[in-house]
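This report concerns only the one structure given below.
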Amino acid sequence: MPFSLERLVFFSDAVFAIAITLLAIEIRLPEGAGDGDLNAAIADLAPVVFSYFLSFSVIGLSWLAHWRRYDLIERADERLAMINLAQLAFIALIPFPTALLGQYGDKAGPVILYAVIVACAGLLGTLTWIYADRNGMLRPGTTRETVRLATIRGLLLPLVFLASLPLLVVHPYTVEAAWVLFFPLQALVIRRQRRAHHRKGDALVVDGDAPAEEEA
């Protein structure tokens, strides 16, 4: 049945905005911190601040990916909306493992939970794109190369987060360090894809980056 694409996008934007705002709630000094060494209390917040910026980046990039996908999706149905809701369920959940990671980032449980939730959000986001493509919901003129590369880019985040989990045998902090490597890796992929498509003269849709032919 027909479904309002605008309502889907507006609702999604609201969920992303609320989730990214809730991340900052955990950044606070413990009660009575001012009575002792304030500098030490602030330094103790470093893991919490790290988890905040990590999740802010993850949610922000997921929102950019969502924005770019739905810029090329011209219609929606109830099934697409349900897949999108499933993705939003995991996006809205990210503040919870973020708080755990900030307090217990040296333990395997919170690290695994965080990686799985982020991976599920990324996989479901990519699933919306695949579903829209296979059901003829993309804007006319969207090339197969665009669809393929956007799918690969969508899978990059969950693959990195899940592939890092075996590093738990070294230490949970090693896994978290591997997550940070995702961001320069993504920048490298964007650069190479952009160069390749500029040479071919094709449009490129990448998460967090506008299609080359559509920016004008």
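Under a 3.5 Å cut-off, the side chain of Ser57 and the backbone N or O of Phe53 do form a donor-acceptor pair. A distance-only check finds no donor-acceptor pair linking the side chain of Asn84 to the backbone of Leu80 [under 3.5 Å]. Side-chain atoms of Ser55 never come within 3.5 Å of backbone atoms of Thr98 as a donor-acceptor pair (strictly under, hydrogens ignored). With hydrogens and angles disregarded, no donor-acceptor distance shorter than 3.5 Å links the side chain of Thr146 to the backbone of Thr142.
The shortest distance between side-chain heavy atoms of Tyr114 and Leu100 does not fall below 4.5 Å. Side-chain contact between Ile94 and Phe90 is absent, with no heavy atoms from C-beta onward closer than 4.5 Å. Leu61 places a side-chain heavy atom less than 4.5 Å from the side chain of Phe182. Inter-residue side-chain proximity for Val9 and Trp67 is flagged as unmet; no heavy-atom pair is nearer than 4.5 Å. Residues Tyr131 and Asn135 are in side-chain contact: their nearest non-hydrogen atoms beyond the backbone lie under 4.5 Å apart. The shortest side-chain heavy-atom distance between Ser12 and Leu88 falls under the 4.5 Å cut-off. Annotation: side chain of Val111 is not in contact with side chain of Tyr173 (no heavy-atom distance under 4.5 Å).
Between Arg144 and Asp133 a salt bridge is recorded (basic side-chain N to carboxylate O distance below 4.0 Å).
Gly105 and Pro172 make their closest contact through O-CB, 3.4 Å (heavy atoms, listed as atom of the first residue, atom of the second, distance). Here the closest non-hydrogen pair linking Pro95 and Ala92 is CD-O, 3.2 Å. Here the closest heavy-atom approach between residue Ile83 and residue Leu124 is recorded as CG2-O, 3.8 Å. When all heavy atoms of Ile91 and Ala121 are compared, the pair lying nearest together is CD1-CB, 3.9 Å. Of all the heavy atoms in Val160 and Ala178, the pair that sits closest is CG1-O, 4.1 Å. Between Thr128 and Arg69, the shortest heavy-atom contact is OG1-CD, 4.2 Å.
Note that the CG atom of Leu123 and the CG atom of Leu162 stand 7.0 Å from one another [nearest 0.5 Å]. Atom CG in Leu5 sits 10.5 Å away from atom CG in Asp77 (nearest 0.5 Å). Ser4 contributes atom OG, which lies 8.5 Å from atom CZ of Phe10 (distance to the nearest 0.5 angstrom). Rounded to the nearest 0.5 angstrom, Thr126 OG1 and Leu159 CG are separated by 9.0 Å. Atom CE in Met137 sits 8.5 Å away from atom CD1 in Ile73 (nearest 0.5 Å). Rounded to the nearest 0.5 Å, atoms CG (Leu138) and CG (Asp71) are 11.5 Å apart.
In terms of hydrophobic clustering, with Ile, Leu, Val, Met, Phe, Trp and Tyr side chains grouped at heavy-atom distances under 4.5 Å, Val49 and Val58 are assigned to a common cluster. Val15 is connected to Phe96 through a chain of hydrophobic side-chain contacts under 4.5 Å among Ile, Leu, Val, Met, Phe, Trp and Tyr, so both are in one cluster. Residue Leu168 is grouped with residue Val180 when hydrophobic side chains (ILVMFWY) are merged at heavy-atom distances under 4.5 angstrom, including chains of intermediate members. Follow the hydrophobic side-chain contacts under 4.5 Å out from Val118 and you reach Leu85 in the same cluster. Cluster annotation: Ile112 is connected to Ile117 through the hydrophobic network of ILVMFWY side chains, with a link wherever side-chain heavy atoms come within less than 4.5 Å.
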Evaluation steps, side chain to side chain contact (heavy atoms under 4.5 Å, CB included), between Tyr70 and Leu8: CA-CA 10 Å; Tyr70 281 90; Leu8 185 153; 3.5 Å; yes
Intermediate values then yes/no, side chain to side chain contact (heavy atoms under 4.5 Å, CB included), Leu54 and Phe183: CA-CA 10 Å; Leu54 175 66; Phe183 301 105; 4.0 Å; yes
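Listed by first and then second residue, the side-chain hydrogen bond (donor to acceptor under 3.5 Å, both in side chains) pairs that reach into residues 174-183 are Ser164-Trp179, sequence neighbours excluded. Sorted pairs that involve residues 100-109 and meet side-chain hydrogen bond (donor to acceptor under 3.5 Å, both in side chains), not counting sequence neighbours, are lacking altogether.
By the salt bridge (charged side-chain N to carboxylate O under 4.0 Å, His left out) test, Arg134 is found to be paired with no residue, residues two or more places apart in sequence or in another chain being considered.
Side chain to side chain, Asp13 and Trp63 meet the donor-acceptor criterion of an N or O pair below 3.5 Å.
Enclosure of atom CZ in Phe50 by more than 12 non-hydrogen atoms of other residues, nucleotides or ligands within 6.0 angstrom is indicated.
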